[in-house]
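Worksheet for the structure shown next.
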Amino acid sequence: SLLLRKSTWTTTTTFFRQHSVALRFGTARRAMSSSSSGMMARPLVSSMMGHTPRGRASSSSSSINAKTTLRRGERVRTFAFGARKAPKGQLPEREPSMGLDPENAQAKKKALERVLGEIDSTFGKGSIMKLGSAGQAKVATFPSGAMTLDMALGGGLPRGRIVEIYGPESSGKTTLAMHAMSEMQKLGGTVALIDAEHAFDPDYAKRLGLNVDDLVVCQPETGEMALEVVDTLVRSAAVDLICVDSVAALVPRSEIEGEIGMVQVGAHARLMSQALRKINVNAAKANTTILFLNQLRSKVGVIYGNPEVTTGGNALKYYSSVRLDIRRKEVIKGKAGEDDLGTRVKVKVAKNKVAPPYKIAEFDMLFGKGISSEGCVFDVAESTGVIEKKGSWYSFKGEQLGQGREKSLLAAKEKKGLYEEIVRLTREAIAAKMGLLTGETSSSMDEDDEDEDMFEDEDEEAIAESGNVAAR
């Protein structure tokens with residue numbers, strides 16, 4: 001019996017190697033073990049080879065219903081008990097999947113509710129939840145101070161997130177941050193400034209509309225002190241917006257205590273990475289926005305590609321929900337013999353986790369006054385179709401305002417009630433475009449208008465979470 005069983009397995013292995021047939025070893029093994037005489041394998045091989053052993057019926061209950069001929073390259077789905085072959089190049093058919101038993105589904109639902117309750121009781125309420133019942137899952141926004149930038153951001157700067165503003169020197173980083181802080185104060189929020197550069201000008205901030213009397217200011221001595229102050233303010237949940245000016249000035253304590261010229265490899269990057277790991281989660285829970293201003297440096301030896309890099313390592317790039325690249329585009333010239341009025345600024349949304357990224361916004365920054373809100377309204381009114389432009393002439397409801405942007409803006413402000421009406425219609429157009437009034441994207445803008453949009457972006461999607469812009 002042992003010799004016969006061994007020879008049978010040898011024959012079976014040789015046969016399947018020659019014909020490239022997949023055999024379920026477990027099925028054949030159970031079939032062989034079910035026979036008390038141990039002679040199950042012989043009918044298996046015999047039936048596949050097309051002949052019946054002597055003294056045995058071919059229709060025996062222990063035999064396997066397999067095809068007598070197997071072509072090379074065919075797959076066998078189930079070898080034992082009614083084999084099904086799949087043509088070459090096709091996967092075998094699957095049995096139709098059966099739905100969950102209602103009683104089993106109900107039991108799983110109860111088990112899930114019990115587990116969620118246990119996790120809440122262990123780690124605190126709100127530590128785990130279903131997304132449909134999570135109120136804080138929706139991202140709220142607040143204005144940035146420039147309406148064109150609010151549209152590019154999908155409604156404004158997000159609450160409870162980390163935002164990075166970077167760019168070259170004298171590009172308007174601090175001015176944009178102060179306007180955002182002023183807008184937060186207008187909404188009734190508390191604002192804090194971490195002035196690591198020790199260059200804060202209260203008079204200039206007051207001219208930009210910032211209430212300096214209620215502003216919380218900290219001028220830290222070291223980077224560790226600055227980030228500890230930020231973490232403490234975030235944990236208190238009493239501050240709505242914290243501005244850190246700037247990341248490059250957050251000098252580690254080891255560098256300050258050491259000698260000038262001492263090499264400190266990666267100390268700044270480690271400091272930022274460790275601090276952001278702590279601050280990120282607390283800021284989301286407290287719904288506090290942290291605004292980091294950053295400077296640019298140049299890599300050495302870069303021939304191809306962009307040599308510019310931000311300070312503080314790569315951690316801030318990953319933890320930021322929004323990254324704004326601000327650049328000075330051109331200088332706004334004054335009249336003949338007069339000083340320059342300001343600069344035209346271009347802001348690119350380099351990263352955005354709450355709205356479509358890579359959009360571009362432009363606005364004017366006037367010297368001593370900050371962002372021109374009237375110019376932003378005029379630009380948005382033109383892009384939404386509230387104000388029509390034909391050549392160099394601007395018109396509103398068929399009435400010509402003037403030739404050129406500056407003259408048209410001045411004429412709209414001089415006429416009583418005209419500028420206010422333009423502002424109202426512009427905000428309604430923004431709300432309709434973003435689907436805030438009807439819940440759907442406005443279909444009034446055709447494809448040609450979208451291609452000529454001032455933001456130079458082909459993917460203009462409706463963002464439903466930008467209610468603050470419509471409210472203002």
Side-chain angles (χ1 to χ4, degrees), residues 135 137-159 179-180 183-184 186-187 322 324 347-349 352-364 371-390 393-401 405 408-409 411-413 415 417-472:
K138 298 180 180 180
V139 180
T141 59
F142 66 96
S144 62
M147 185 178 290
T148 53
L149 181 58
D150 291 340
M151 288 193 63
L153 290 171
L157 298 173
R159 298 287 301 270
H179 274 280
E183 295 294 334
M184 177 59 74
K186 292 177 182 178
L187 296 176
V322 175
L324 302 178
V347 178
K348 179 181 178 182
V349 184
N352 196 346
K353 286 186 176 181
V354 296
Y358 309 126
K359 293 188 178 182
I360 296 176
E362 295 183 3
F363 49 87
D364 297 335
I371 298 175
S372 175
S373 58
E374 295 85 0
C376 291
V377 172
F378 201 82
D379 292 338
V380 176
E382 179 188 346
S383 65
T384 54
V386 176
I387 294 178
E388 298 179 357
K389 180 182 179 182
K390 294 182 179 180
W393 289 86
Y394 291 85
S395 61
F396 175 67
K397 292 185 177 181
E399 179 183 356
Q400 285 190 352
L401 298 176
R405 179 175 177 273
S408 301
L409 179 58
K413 293 174 64 176
K415 192 172 183 179
L418 181 59
Y419 178 74
E420 288 75 12
E421 186 178 0
I422 293 176
V423 173
R424 181 181 60 83
L425 294 178
T426 301
R427 298 191 186 282
E428 291 180 359
I430 294 174
K433 182 179 179 181
M434 294 187 175
L436 299 176
L437 298 181
T438 61
E440 299 178 356
T441 307
S442 175
S443 59
S444 60
M445 295 182 61
D446 51 22
E447 295 180 358
D448 296 337
D449 295 336
E450 292 182 357
D451 293 340
E452 297 177 358
D453 192 86
M454 63 174 294
F455 302 118
E456 303 176 4
D457 190 85
E458 298 179 358
D459 186 19
E460 285 291 327
E461 294 185 28
I463 307 301
E465 298 297 334
S466 53
N468 291 324
V469 177
R472 295 181 67 245

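We're numbering straight along the sequence, starting at 1.
Residues Lys397 and Glu421 are paired through a salt bridge, judged by an N-O separation under 4.0 Å between the basic side chain and the carboxylate. By the 4.0 Å N-to-carboxylate-O rule, Glu420 lies too far from Arg424 to be salt-bridged with it.
The structure places CD of Glu388 at 11.0 Å from CD of Glu382, a figure rounded to the nearest 0.5 Å. Rounded to the nearest 0.5 angstrom, Trp393 CH2 and Ser408 OG are separated by 8.0 Å. Atom CG of residue Asp150 and atom OG of residue Ser144 lie 3.5 Å apart, to the nearest 0.5 angstrom. Going from atom CG of Leu153 over to atom CG of Leu324 covers 5.5 Å, rounded to the nearest 0.5 Å. The CG atom of Leu401 lies 8.0 Å from the CZ atom of Phe396; values are rounded to the nearest 0.5 Å. Here the SG-CE distance, from Cys376 to Met151, works out to 11.5 Å after rounding to the nearest 0.5 Å.
Side-chain contact between Tyr394 and Leu409: absent, with no pair of heavy atoms (C-beta onward) separated by less than 4.5 Å. Side-chain contact between Pro143 and Leu187: present, with at least one pair of heavy atoms (C-beta onward) separated by less than 4.5 Å.
Not one N or O on the side chain of Arg405 forms a donor-acceptor pair closer than 3.5 Å with the backbone of Phe378. In this structure, the side chain of Thr148 engages the main chain of Glu362 through a donor-acceptor pair within 3.5 Å.
Considering every non-hydrogen atom in both Ser372 and Gly375, the closest pair reads OG-N, 3.2 Å. Minimum interatomic distance between Val386 and Ala429 (heavy atoms only, all atoms of both residues): CG2-CB, 4.2 Å. Between Val347 and Leu149, the shortest heavy-atom contact is CG1-CD1, 3.8 Å. Taking both residues in full, the closest heavy atoms of Phe142 and Ala180 are given as CE1-O, 3.9 Å, listed atom of the first, atom of the second, then distance. Contact between Ala146 and Ile371 at its shortest, heavy atoms only, is CB-CG2, 4.0 Å. What you find for Ala381 and Ile422 is that their closest heavy atoms are CB-CG2, 4.1 Å.
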- Met147 vs Ile430, side-chain contact (heavy atoms from CB on, under 4.5 Å): CA-CA, chis, key distance, verdict: CA-CA 10 Å; Met147 185 178 290; Ile430 294 174; 3.7 Å; yes
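Within a 6.0 Å radius of NZ in Lys413, no more than 12 heavy atoms belonging to other residues, nucleotides or ligands are found.
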